> 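For reference, the structure I am asking about is given below.
To find a chain, count down the sequence lines: A is the first, B the second, and so on, and within it residues start at 1. In this text, all values refer to a predicted model and were calculated from it rather than measured experimentally. Excluded from the calculations below are hydrogen atoms, water molecules and symmetry mates; all remaining heavy atoms, backbone and side chain alike, are included.
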There are 2 protein chains.
Amino acid sequence: MRLVVARCSVDYAGRLSAHLPLATRVLMLKGDGSILIHSDGGSYKPLNWMSPPCTLSQVELDDDQTAAGVQQVWQVTHAKTADTLVVSIFEILHDSSHELGVDPGLVKDGVEAHLQKLLAEQIEHLGDGHRLVRREYMTAIGPVDILARDASGGAVAVEIKRRGDIDGVEQLTRYLELMNRDPHLAPVQGVFAAQEIKPQARTLAEDRGIRCLVLDYDAMKGVDSGRPTLF
Amino acid sequence: MRLVVARCSVDYAGRLSAHLPLATRVLMLKGDGSILIHSDGGSYKPLNWMSPPCTLSQVELDDDQTAAGVQQVWQVTHAKTADTLVVSIFEILHDSSHELGVDPGLVKDGVEAHLQKLLAEQIEHLGDGHRLVRREYMTAIGPVDILARDASGGAVAVEIKRRGDIDGVEQLTRYLELMNRDPHLAPVQGVFAAQEIKPQARTLAEDRGIRCLVLDYDAMKGVDSGRPTLF
DNA sequence: AGTTTTATCTCGATA
DNA sequence: TATCGAGGTAAAACT
């Protein structure tokens with residue numbers, strides 16, 4: 001990631017043509033070759049940009065550009081569509097590079113968070129006599145969605161997904177390994193709960209002694225907070 | 001404009017809830033209070049953000065946060081919707097501020113301009129034997145989009161709109177009145193060209209002897225600059 | 001100013 | 001891999 005603050009003008013030719021007159025702006029050059037041109041306002045959308053996959057190259061200046069005071073010209077070309085972005089730099093006011101590494105990415109909590117809340121409230125879905133210990137039970141490698149105790153007092157760890165895939169089973173397996181080393185918890189029963197569980201995930205889970213539980217989101221919503229559905 | 005590179009985690013609560021685990025990212029703080037959180041990849045869309053109008057405030061740390069190694073917590077709250085973005089900063093790797101000034105903004109060759117360009121290039125859409133005199137033909141009350149000559153040399157004035165409404169017909173009528181006073185041009189035939197022509201506009205135009213022409217933008221784009229479409 | 005349409009849309013999910 | 005639909009859509013055009 002390279003951050004440049006510069007007086008520049010920009011020309012884009014692609015799906016449409018666009019031009020940015022000379023002004024001071026922030027240029028964000030990402031590791032994948034893409035570039036964003038931001039002003040000090042507006043929304044998250046840049047004034048102009050080039051999406052990956054693309055390549056940036058520095059262009060030789062012609063006499064007109066030199067006479068106009070241009071110091072550098074960057075040409076960013078899209079690998080597939082041949083869209084081009086030309087940045088004419090008149091003055092660089094700041095220039096720094098930073099190693100960011102790969103981002104773990106955004107975790108969206110919509111239905112999944114709601115499912116967790118509902119199952120915690122309606123813990124009887126796990127089986128008769130179950131009671132909630134806590135949501136987001138913290139372990140060294142992250143929080144387990146729900147920790148409960150069954151009728152005989154045995155620990156139950158629940159991983160909740162909207163769509164139950166193999167990844168979710170692997171995740172729960174890691175939690176179970178860790179939790180089963182804790183003498184206060186072991187033995188811990190695993191429950192993989194989801195609105196829909198893929199056959200492969202179910203096979204893997206059951207092979208590992210993890211119980212699968214399909215949740216009916218709408219039905220659980222209907223008795224949300226103990227208030228039965230009106231319809 | 002303040003640029004910060006930091007190890008941080010981010011939580012957003014608004015229309016949805018979202019969480020960004022601890023990682024190194026770029027924080028762009030704009031003059032209007034808005035904030036963008038970018039990783040070193042993806043497209044122009046930030047991982048997370050807050051749009052203006054919003055305010056940023058620094059929050060006191062609680063014991064848990066201090067114990068976890070948090071150095072600063074920023075809370076950004078939207079002025080209207082009360083959406084909040086909480087940035088927990090563990091380490092600041094870069095921090096710089098820059099005066100950018102007001103941006104003159106993007107100049108776009110929009111769709112209407114593009115339609116004009118396309119029709120000028122494909123002037124045969126006006127009819128066999130037509131040839132372009134010039135685009136943006138200047139008159140005392142403003143430029144006519146296209147001036148052409150038909151097969152017999154008669155002047156043709158074209159008004160182009162994306163959506164052909166009565167206003168456009170009135171506008172063309174004024175131009176025609178003026179141009180028909182010019183002995184070098186008169187008599188001038190009017191053509192009202194648009195992607196879509198409203199029935200009222202068509203009725204008015206034809207009542208005034210103005211020809212209506214519906215343009216197929218996509219088809220015209222397909223032969224843009226003489227380069228035929230590949231599909 | 002409120003509403004509708006567009007977008008260099010982006011982005012995820014699905015067949 | 002192409003296609004479809006939603007988006008914290010945002011932003012422009014139109015009523």
> For A:Ser51 and C:dT10, is the shortest distance between a side-chain N/O and OP1 or OP2 below 4.0 Å?
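True: A:Ser51 side-chain N/O within range (under 4.0 Å) of C:dT10 OP1/OP2.
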> C:dT10 P sits how many Å from A:His78 NE2, rounded?
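Whole-Å distance recorded here is 9 Å.
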> Tell me whether A:Trp49 and C:dT8 count as stacked here, given that the ring centres must be under 5.5 Å apart and the planes must differ by less than 30 degrees.
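By the stated criterion, A:Trp49 and C:dT8 stack.
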> For nucleotides D:dC14 and C:dT8, find the distance between their C1' atoms and express it as a whole number of Å.
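Comparing C1' positions in D:dC14 and C:dT8 gives a spacing of 23 Å.
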> Output all residues satisfying side chain to side chain donor-acceptor pair (under 3.5 Å) with A:Asp62, sequence neighbours left out; order by chain, then residue number.
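Residues passing side chain to side chain donor-acceptor pair (under 3.5 Å) with A:Asp62: none at all.
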> A:Asn48 has an atom CG; how far is it from atom C1' of D:dA10, in whole Å?
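In whole Å, D:dA10 C1' lies 16 Å from A:Asn48 CG.
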> Do side-chain atoms of A:Lys45 reach the backbone of B:Tyr44 as a donor and acceptor pair under 3.5 angstrom?
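Checked: no pair found.
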> For C:dT6, give the paired nucleotide (Watson-Crick: N1-N3 plus N6-O4 or O6-N4; G-U: N1-O2 and O6-N3; both under 3.5 Å), or none.
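Matched C:dT6 with D:dA10 under the 3.5 Å cut-off.
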> Base, sugar-phosphate or nothing for B:Thr81? Non-hydrogen atoms, less than 4.0 Å.
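The residue B:Thr81 makes no contact with any strand.
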> Report which part of the nucleic acid B:Tyr12 touches: base, sugar-phosphate, or nothing (heavy-atom distance under 4.0 Å, all strands).
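Base: the residue B:Tyr12, judged by heavy atoms under 4.0 Å, touches a nucleobase.
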> Identify which nucleotide among D:dA10, C:dC11, C:dC9 has an atom closest to any side-chain atom of B:Tyr44, counting heavy atoms from C-beta outward.
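Ranking D:dA10, C:dC11, C:dC9 by closest atom to the B:Tyr44 side chain puts C:dC9 first.
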> Could you tell me if the side chain of B:Pro53 sits less than 4.5 Å from the side chain of B:His78, heavy atoms only?
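Touching, per the 4.5 Å side-chain cut-off.
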> Ignoring backbone atoms, test whether A:Lys45 places a side-chain nitrogen or oxygen under 4.0 Å from the OP1 or OP2 oxygen of C:dT8.
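A:Lys45 to C:dT8 OP1/OP2: side-chain N or O found under 4.0 Å.
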> Categorize B:Met50 for me: base, sugar-phosphate, or nothing, with a 4.0 angstrom heavy-atom threshold over every strand shown.
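Counting heavy atoms under 4.0 Å across all strands, the contact made by B:Met50 includes a base.
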> In sequence, state the C-alpha distance, the side-chain angles, and the governing distance for A:Ile92 and A:Gln72, and then conclude on side-chain contact (heavy atoms from CB on, under 4.5 Å).
CA-CA 9 Å; A:Ile92 289 185; A:Gln72 297 181 31; 3.7 Å; yes
> Starting at atom CG of A:Leu36, determine the distance to atom P of D:dA10, rounded to an integer number of angstrom.
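Interatomic distance, CG of A:Leu36 to P of D:dA10: 17 Å.
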> Tell me the interatomic distance from A:Asp83, atom CG, to C:dA7, atom P, rounded to whole angstroms.
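From A:Asp83 CG to C:dA7 P: 15 Å.
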> Take atom CG of B:Leu47 and atom P of C:dG12, then tell me their distance rounded to the nearest Å.
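In whole Å, C:dG12 P lies 11 Å from B:Leu47 CG.
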> Does a side-chain N-to-carboxylate-O contact under 4.0 Å join A:Glu121 and A:Arg135?
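No salt bridge links A:Glu121 with A:Arg135.
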